[in-house]
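Some notes on the structure that comes next.
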Amino acid sequence: MSASLSPLPALSHPALEAVEITKRFSGVVANDAVSFSLEPGEIHVLLGENGAGKSTLMNILYGLQKPDQGEIWVGGKAVRLDGPKDAIQQGVVMVHQHFMLVPVFTVLENIVLGVEQTRGQWGQLGVLERAKPARQIQALADQLSLQVDLNAKVGELPVGVQQKVEIIKALYRGARILILDEPTAVLTPTEATELFELLRRLTQQGLSIVLITHKLKECLAIADRISVMRQGKMVGTVYPQQASESLLAEMMVGRKVILQVEKPLMQAGAPVLQTRRLVVWDDRHQPAVNGVDLTVCAGEILGIAGVQGNGQTELSEALTGLRSPAQGQIDILGQDQTGASPRQLIEQGLAHVPEDRGKNGIVKTYSLADNAVLCTYYQPPFAKKGLIRPGAIARQATQLIQEFDIRPANPRVLAGSLSGGNQQKLIMARELSRGAKLLIACQPTRGVDIGAIELIHRRIIAARNQGMGVLLISSELDEILALSDRIAVMYQGKVLETLAIAEATRERLGCLMAGMVQS
Amino acid sequence: MEEITGFLKLALITATPIALGAYAGILSERAGVVNIAIEGMMLTGALVAQLTAMYLYAPLQAAGIPAAEIASLCLGVIAGILAGALLGGLHSITSIRFKADQIISGTVINLLAWGMTGWIYQRWMTATAPTAPGTFPRIPIPGLRQIPVLGDLLFNHQPIVYTMLLLTGVIHYVLFYTPWGLHVRSVGEHPRAADTVGINVERVRYISTIVGGAIAGLAGVWLTLEQVGSFTLRMSAGRGFIALAAMIFGRWTPLGAFGTSLLFGLGTALQIRAASLASASAGLAMIPTQLYQAIPYLLTIIVLAGFGGKATPPAASGQPYEK
């Protein structure tokens, strides 16, 4: 008799397992026979570029989408997930990148939403029980030494605290497995460190965690194992001890990647942009930019570091003519341009890569060629005697497509059908092709693949080397450090300090981003 | 003194359809569905209630049912409520199932209601129509009616006025003290968040909009079976839109909407008493009566122009939910 295979002891079952998952969206394979396994008590990082299929896989594991093929196993049992409710029942809870919290509800209301307790026999029309869940939630928070005011309105809390509310909400629902989607995107470096400490404490209490990210550094810092996805396929799983940033980048992209950009020393020239005591209001008439003095010289890159929502958006809108400043002055190429229209600024020599490319960077329903001349369509050679000249526009587009490696290389495709990276390359191409003297680049590589990041970074450096002044606004600290000659840190509408690149360390910037000024 | 209580009582009575209409709007907008079809739902409710009561009155009498008058009126109420709910259902299907523009869907329902009630009225409710049972009698509440001043003001009314007062509290309780209310508000503020915790967004929106339609229907029933006793063309006269103003000024809360409706009620009461006011003093007689009639509408414009601060609607109001 051959040795019979006895069932493995329960402990050795993975906490969560995806087996050969395949998912197609109208012909495109988002997940191609992907397998993934999460051991009990581990932090397993899922790494991949935008569009690699990470989110699809996680949405399937959370019951938001149904796989075309494949199985999901939880704790050694095959399960069927028809919706988040089923997943929650299995102890699988997801913390989304954009928090799933109702801003006008209190912390308590958000945490109990969907799993309320009532007094009396009236079911959903009974009196909502608050005291008992409040005690349970407080106990949970104490256990993890988290401080949260249960009666505060969620919309009034800092994002870092909102994220803790999301995690407590998950635990209150009995989560044993947490899926976190890009959890550090909105956090300061300090908050990110705190989050990682919290995640460690959670695994010590027996939780298993899947963390989705595209940031190589944090992935090496926190992971027990790292799985990499590329173009809908699982490329492989490695231990952080065996991995390095360049290895992971290579797994993500499928070829060698140069993470460092060459940046020769440059002598900065005359100022191309100067602001004096600039004050800009946000949509609610609050000062979002509050007395900012900046100078950008020809041939230098000034990086603006800071956590999202500290006035960067309003600053860039004021500088590009999209929002009128409330007070202060903006000089461009030595001339007062306060309150000038976007077209006046463009004609003066301003190039702009906007933060939200789908909304302000391209017209999605226009062709690639039309988008390539959005700022200059009315000038010769693209228009003559008031008529558009499609031939000239097509030639310009074809040239830019080649120069910036935009794919597909077809001037007639709709800009909206391009991938994020190619849309961004198109915008860069348009803005850098018209001999501008000042570039304002906002989050130029957000949601863009590594290949495009490389190209965009090289182009920004090249523009600077040719004497362009660049204002780079980015919430990615690595990007700021790689490109800038000087770094200004924005916090609550003010520039706290401007550092030369040589004196800017991650730690120092991190402190400034959290509003701590060294005395 | 009696003049003043009489005036306030009139204000409360005329506030009734506006408050009910506002509650209809609150229920659907709190769940994220904009409903500008309250006017049409009211008008339809008014017609269907009157039609039902009218055509059932004689048969019920002939069948020897005691209090055939009340019985036919009650059946009229049920029919009017159902008619409102039906239009609420239509509005929810177009806005939730087919994700149509909710303003357009609402406008279409209003046009439909205007056209259809006009046609039914011409066809079945003019010369050859049977006798109508009239209006609901007042039902003084034993005990409470005897309280001086307040007793007559609050506890000597027809049934729909009582229902409106009751609904004010019930809707406030449901929206702010129950899990169901939490679900409704979460669906209107952040439907995706609601979805991720297992709340069925579409189901909550359907129920809220349909119940809202039923209440708007009841507001219409008040016009025919409690106020006038017969149907006239376009008799809702913009009350459905005034109700929306009351909803906005009341910050999408039943208590606030009730208060604002009373304000409109006062305006209407003033308009009704204009004649007697004019005879009382020569100075007041100078004011043309048309100006009094315009009061509720002027109030609406003032309220909507943002007097008394900015009102923030539920964040997801008017947006279809895409999974």
Side-chain angles (χ1 to χ4, degrees), chain A residues 58-59 62-66 81-89 92-106 108-120 122-130 133 153-155 162 165-166 169-170 172-173 175 179 181 283-285, chain B residues 26-27 29-32 166-167 169-208 210-211 214 251-254 256 306 309-317 319 321-323:
Chain A
M58 289 306 125
N59 284 341
Y62 190 50
L64 281 168
Q65 280 158 359
K66 277 180 207 146
L81 305 175
D82 283 326
K85 217 164 192 164
D86 293 347
I88 294 169
Q89 200 131 46
V92 182
V93 183
M94 184 151 168
V95 175
H96 296 78
Q97 183 180 5
H98 304 287
F99 300 144
M100 292 298 155
L101 298 170
V102 181
V104 297
F105 281 11
T106 64
L108 178 76
E109 287 169 337
N110 267 294
I111 291 175
V112 301
L113 184 64
V115 287
E116 301 90 350
Q117 305 171 26
T118 52
R119 270 175 269 160
W122 288 11
Q124 291 204 339
L125 292 175
V127 178
L128 181 68
E129 175 71 70
R130 286 170 189 270
K153 286 242 173 8
V154 161
Q162 292 190 18
V165 174
E166 275 280 29
K169 178 173 143 192
Y172 182 72
R173 271 144 232 268
I179 303 172
D181 188 6
D283 295 334
R284 292 168 302 152
H285 288 266
Chain B
I26 288 170
L27 281 181
E29 291 217 1
R30 279 285 186 176
L166 208 66
L167 277 177
V170 168
I171 294 173
H172 179 77
Y173 162 77
V174 169
L175 275 182
F176 299 108
Y177 293 93
T178 68
W180 175 255
L182 207 61
H183 292 188
V184 169
R185 290 185 289 135
S186 69
V187 160
E189 291 285 345
H190 194 335
R192 191 166 297 274
D195 192 12
T196 54
V197 296
I199 293 170
N200 186 334
V201 175
E202 301 201 339
R203 181 168 164 267
V204 173
R205 287 188 167 177
Y206 271 116
I207 293 175
S208 281
I210 292 172
V211 172
R251 301 277 196 281
W252 286 265
T253 65
K310 196 174 174 291
T312 321
S317 189
Q319 296 166 9
Y321 178 57
E322 307 272 0
K323 271 205 184 229

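FYI, side chains are in, hydrogens and waters are out, and symmetry mates aren't considered; it's all heavy atoms of this structure. Throughout, a chain's letter reflects where its sequence line sits, starting with A, and its residues are numbered from 1.
- Contact count versus chain B (heavy atoms, under 4.5 Å) is highest, among A/M94, A/E116, A/K85, for A/E116.
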Worked check of side chain to side chain contact (heavy atoms under 4.5 Å, CB included) between B/R185 and A/V104: CA-CA 9 Å; B/R185 290 185 289 135; A/V104 297; over 6 Å; no
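- No other option in A/V112, A/V127, A/D86 has as many heavy-atom pairs under 4.5 Å with chain B as A/V127.
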Verdict with reasoning, B/V174 to A/L125, per side chain to side chain contact (heavy atoms under 4.5 Å, CB included): CA-CA 7 Å; B/V174 169; A/L125 292 175; 3.9 Å; yes
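- Between A/L101 and B/A193, the closest heavy-atom pair is N-CB, 4.1 Å.
- Neither the backbone nor the side chain of A/V115 comes within contact range of chain B; no heavy atom of the residue lies under 4.5 Å from a heavy atom of that chain.
- The environment of B/Y177 atom OH is sparse: at most 12 non-hydrogen atoms of other residues, nucleotides or ligands sit within 6.0 angstrom.
- A distance of 10.0 Å separates CD of A/E109 from CZ of B/F176, quoted to the nearest 0.5 Å.
- In this structure, the portion of A/F99 lying under 4.5 Å from any heavy atom of chain B is its backbone and not its side chain.
- Both the backbone and the side chain of B/L182 come within contact range of chain A, judged by heavy atoms closer than 4.5 Å.
- We find the CZ-OG1 distance between A/R119 and B/T178 to be 12.5 Å, quoted to the nearest 0.5 Å.
- Both the backbone and the side chain of A/Q124 have a heavy atom closer than 4.5 Å to some heavy atom of chain B.
- For A/H96, the part lying near chain B is the side chain, with the backbone staying farther off; criterion is any non-hydrogen pair under 4.5 Å.
- When every heavy atom of B/T196 is checked against every heavy atom of A/P84, the shortest pair comes out as O-CB, 3.5 Å.
- For B/Y173, the part lying under 4.5 angstrom from a heavy atom of chain A is the side chain only.
- Of the atoms belonging to A/R173, it is side-chain heavy atoms, and not backbone ones, that fall under 4.5 Å from chain B.
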